[in-house]
Amino acid sequence: LAKTTQPISMDSYEGQEVNITCSHNNIATNDYITWYQQFPSQGPRFIIQGYKTKVTNEVASLFIPADRKSSTLSLPRVSLSDTAVYYCLVGEYNQGGKLIFGQGTELSVKP
Amino acid sequence: DAGVIQSPRHEVTEMGQEVTLRCKPISGHDYLFWYRQTMMRGLELLIYFNNNVPIDDSGMPEDRFSAKMPNASFSTLKIQPSEPRDSAVYFCASRSTGKNTEAFFGQGTRLTVV
């Protein structure tokens with residue numbers, strides 16, 4: 001499983017766009033990139049997944065450059081309720097297998 | 001579906017006692033994971049099952065921990081005897097094989113061993 005590196009924490013203000021970058025230099029050809037969000041006192045929740053280029057859903061966008069050695073989770077116009085820990089995971093999830101969580105990025109959104 | 005259901009939500013026990021945590025995965029999911037979360041160590045994978053069979057238990061901290069999945073709709077994580085350092089939030093998650101790889105987590109069990 002490819003090791004991931006993310007910033008430990010980030011601060012933002014309501015209404016701003018937040019970009020969280022994850023490095024995964026050893027990503028394998030079959031690996032997908034998945035992001036989870038965890039609110040205090042809750043289990044992690046899937047946000048978005050991608051393989052290459054750009055993926056967008058109702059919650060976030062995921063940008064993956066051609067070399068796939070990094071990825072950026074983009075949260076548009078954050079609100080106080082987006083305060084959470086965000087985890088980047090890399091692996092062959094389409095084939096099943098285990099999910100390994102790193103330290104995550106603690107995002108704090110201020111008014 | 002009600003999602004992944006864990007019980008109890010909170011457990012306080014004395015050191016040396018046996019603790020059993022329970023999990024009901026989402027119907028139709030063939031993977032089940034047990035995690036432990038602490039401030040110091042983050043979210044650690046303890047063990048996971050595929051089709052009720054344990055696949056990887058390398059994360060189980062020691063012999064005091066054991067997990068079973070007697071059928072597709074139920075799993076237990078047992079700690080015997082419990083120690084204060086076992087205090088943590090324990091999460092169960094399930095997912096299915098295939099294109100939709102999203103894992104669903106339960107609300108967790110907050111264990112306090114005094």
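Here is how names work: the chains are called A, B, and so on, in the same order as the sequence lines, proteins then strands, and each is numbered from 1. The structure presented is a predicted model; accordingly, all values stated were derived computationally and were not measured.
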Checklist entry - Checking heavy atoms, do the side chain of Gln37(B), its backbone, both or neither come under 4.5 Å from chain A? => result side chain
Item to check | Pairs of heavy atoms under 4.5 Å with chain B: top-ranked of Gln103(A), Gln38(A), Arg45(A) | outcome: Gln38(A)
Next on the checklist: Can you confirm whether Tyr51(A) is buried at OH, in the sense that more than 12 heavy atoms of other residues, nucleotides or ligands lie under 6.0 Å from that atom?
Outcome noted: yes
Checklist entry - Could you give the distance from CD (Glu102(B)) to CD1 (Ile48(A)), rounded to the nearest 0.5 Å? => result 12.0 Å
Checklist entry - Same cluster or not: are Ile100(A) and Leu43(B) linked, directly or through other Ile, Leu, Val, Met, Phe, Trp or Tyr residues, by side-chain heavy atoms under 4.5 angstrom apart? => result yes
Checklist entry - Does any heavy atom of chain A fall under 4.5 Å from the side chain of Leu45(B), the backbone, both, or neither of them? => result side chain
Checklist entry - Around Arg110(B), counting heavy atoms of other residues, nucleotides and ligands shown, do more than 12 lie under 6.0 Å from its CZ? => result no
Checklist entry - Take atom CD in Glu62(B); do more than 12 heavy atoms of anything else shown fall under 6.0 Å from it? => result yes
Next on the checklist: Atom CG of residue position Asn57(A) - does it have more than 12 heavy atoms of other residues, nucleotides or ligands inside 6.0 Å?
Outcome noted: yes
Checklist entry - Does the side chain to side chain contact (heavy atoms under 4.5 Å, CB included) test come out yes or no for Tyr35(B) and Leu99(A), once each step is laid out? => result CA-CA 10 Å; Tyr35(B) 290 87; Leu99(A) 302 176; 3.1 Å; yes
